[in-house]
Amino acid sequence: MEVRAKKALGQHFLTDLKAARNIVDALETSPGASVLEIGPGMGVLSQYLLEREDIDFKMIEIDKESVNYLLSHFPKAYGRVMEGDFLRLRMDALYKGPFSIIGNFPYNISSQIFFKILDCRDMVPQVVCMIQKEVADRIAEAPGTKTYGILSVLLQAWYDIEFLFGVGPGSFCPPPKVQSAVIRLRRNSRTSLGCDEALFKTVVKTSFGQRRKTLRNSLKPLVQAKAQREGWTEEYMANFTAAPIWELRPERLSVEDFISLTLQLS
Ligand code: SAH
């Protein structure tokens, strides 16, 4: 018995075994590495990962029917598959050391998955995942492109990101309405941003919240808050935002530019 695809869970099962193999091969692991698969479904990726004796492999799957499928088709899945919601998983309770993440992510929650990974980025050295191509483009994109956005900046601050390959709808059952792509994220060497991290996030989110506006306009509330704290005159405030960077729209700014803005606004 196959698993009946549930739309609400983002279930599109990959049927292209060559693509599945390539995804698994894209994950670089050293002996003894811990690997967590998000949303194994019917195990198209897991079947290869379960064969690997050199890694500590676990899976988390929200769908009971998929969990039962895995257990009845792969004896090695016993003790390795958790039934549950990745977004609620206490990763620090499950792992004491680093673990890499792999998966054909449920597209409807891929951004939430990335935000959760960012929250424990120092434990996650690598992520190989399939997501909607549009999101992959956005995440892997350099500044200056139309799709560059909040997630691009926040992920690029901590990860080196590679676009690996695209996968068409025909490689899935049922086929999704969108194109898919596989990306690899590798934790970069950054240990700190060198600025207040909460403010950095606020600056990035506020800027992209009104992405058609210049930073001078979109970040006005943050500049005003600083002006009030420091007791600036109107004139001083106007001078403060006279530099060319304030004339730009957020999609033109690199991670370093956002750090510099954050330092100015601290
Ligand atoms: N890896 C499989 C399935 C991909 S579809 C394949 O490539 O064929 C996405 C999978 O994620 C589904 O099995 C779905 O049930 C599961 N899923 C959806 N939301 C989840 C969540 N919050 N936590 C864990 N798994 C989830």
Side-chain angles (χ1 to χ4, degrees), residues 107 109-119 121-122 124 127 129 131-164 166 178-179 181-266:
Y107 296 173
I109 57 164
S110 58
S111 297
Q112 291 170 72
I113 293 175
F114 287 123
F115 282 117
K116 181 158 170 122
I117 292 173
L118 277 171
D119 282 342
R121 60 190 180 235
D122 288 334
V124 184
V127 181
C129 59
I131 51 179
Q132 191 176 333
K133 180 174 178 296
E134 208 184 297
V135 180
D137 284 338
R138 188 177 315 152
I139 290 174
E141 207 80 83
T145 47
K146 264 225 296 290
T147 48
Y148 182 72
I150 297 175
L151 209 49
S152 336
V153 179
L154 298 182
L155 282 172
Q156 286 173 24
W158 304 104
Y159 285 92
D160 293 331
I161 300 165
E162 295 161 89
F163 184 103
L164 298 181
V178 295
Q179 294 288 326
V182 178
I183 58 171
R184 178 167 54 206
L185 287 71
R186 274 186 284 207
R187 184 73 175 82
N188 62 24
S189 56
R190 202 190 287 277
T191 51
S192 114
L193 291 176
C195 66
D196 181 309
E197 207 180 315
L199 184 60
F200 172 81
K201 273 196 214 162
T202 307
V203 169
V204 173
K205 287 185 180 165
T206 312
S207 313
F208 283 104
Q210 295 173 296
R211 61 181 300 144
R212 307 288 305 276
K213 290 194 177 173
T214 65
L215 296 165
R216 186 177 298 128
N217 283 323
S218 57
L219 295 180
K220 202 169 212 159
L222 294 174
V223 177
Q224 278 170 336
K226 169 138 186 171
Q228 211 160 34
R229 278 198 312 273
E230 312 268 318
W232 290 351
T233 60
E234 282 292 322
E235 194 191 346
Y236 193 95
M237 199 169 104
N239 269 334
F240 181 78
T241 56
I245 193 170
W246 293 93
E247 208 46 62
L248 300 176
R249 293 188 173 76
E251 64 258 27
R252 299 285 305 279
L253 269 60
S254 65
V255 170
E256 274 66 31
D257 292 329
F258 278 109
I259 292 174
S260 138
L261 271 183
T262 307
L263 287 171
Q264 290 185 50
L265 289 168
S266 294

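All heavy atoms count here, side chains included; hydrogens, waters and symmetry mates do not. Please read these numbers as outputs of a predicted model, since none were measured by experiment.
In this pair, F258 and F208 present their aromatic rings tilted. The plane angle is within the 30 to 60° band.
Listed here is the closest heavy atom pair of I183 and F163: CG2-CA, 4.0 Å. Nearest heavy atoms, G194 versus L263: O-CD2, 3.4 Å. R211 and G149 make their closest contact through NH1-CA, 4.0 Å (heavy atoms, listed as atom of the first residue, atom of the second, distance). Residue V124 comes nearest to Y159 through the heavy atom pair O-OH, 2.7 Å, listed as atom of the first residue, atom of the second, then distance.
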Only pairs under 3.5 Å count here: list side-chain donor-acceptor contacts from residues 219-232, not counting sequence neighbours, and write none if there are none.
unit_1	atom_1	unit_2	atom_2	d
K226	NZ	Q264	O	3.0
K226	NZ	S266	O	2.8
R229	NH2	L265	O	3.1

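A 6.0 Å sphere centred on CZ of R252 holds no more than 12 heavy atoms belonging to other residues, nucleotides or ligands. The environment of CD in E134 is sparse: at most 12 heavy-atom neighbours from other residues, nucleotides or ligands sit within 6.0 Å.
With W246 as the aromatic partner, R216 does not meet the cation-pi criteria of under 6.0 angstrom to the ring centre and within 45 degrees of the ring axis. Annotation: cation-pi geometry not satisfied between K201 and F115 (NZ/CZ under 6.0 angstrom from ring centroid, within 45° of ring axis).
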Run S152 and I139 through side chain to side chain contact (heavy atoms under 4.5 Å, CB included) and show every step you take. CA-CA 4 Å; S152 336; I139 290 174; 5.6 Å; no
From CA spacing to verdict: side chain to side chain contact (heavy atoms under 4.5 Å, CB included), R187, D122: CA-CA 8 Å; R187 184 73 175 82; D122 288 334; 2.7 Å; yes
Steps toward side chain to side chain contact (heavy atoms under 4.5 Å, CB included) verdict (L155, I161): CA-CA 8 Å; L155 282 172; I161 300 165; 3.8 Å; yes
Start with the C-alpha distance between V182 and C129, add both sets of side-chain angles, then the distance that settles side chain to side chain contact (heavy atoms under 4.5 Å, CB included), and finish with yes or no. CA-CA 5 Å; V182 178; C129 59; over 6 Å; no
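Note that CD of E162 is 4.5 Å distant from CZ of R186, once rounded to the nearest 0.5 Å. Interatomic distance, E256 CD to L193 CG, rounded to the nearest 0.5 Å: 9.5 Å. Atom CG in L151 sits 7.5 Å away from atom CZ in R138 (nearest 0.5 Å). The OG atom of S218 sits 10.0 Å away from the CZ atom of R249 when rounded to the nearest 0.5 Å. The line from OG of S111 to CD1 of I150 is 9.5 Å long, rounded to the nearest 0.5 Å. Atoms CG and CD1, from L199 and I259 in turn, are 12.0 Å apart once rounded to the nearest 0.5 Å.
Side chain of Y148 to main chain of L253: a donor-acceptor pair is present (N/O by atom type, distance under 3.5 Å, no hydrogens or angles). At least one donor-acceptor pair under 3.5 Å links the side chain of Q156 to the backbone N or O of E141.
Proximity of T214 to L248: side-chain heavy atoms (C-beta onward) are nowhere separated by under 4.5 Å. Side chains of L154 and F114 form no contact here, defined as non-hydrogen atoms less than 4.5 Å apart. In this structure, the side chains of T202 and K205 stay at 4.5 Å or more apart for every pair of heavy atoms.
Here R121 pairs with E197 in a salt bridge; the nearest charged N to carboxylate O distance falls below 4.0 Å.
A donor atom on one side chain and an acceptor atom on the other are found under 3.5 Å apart for S254 and D257.
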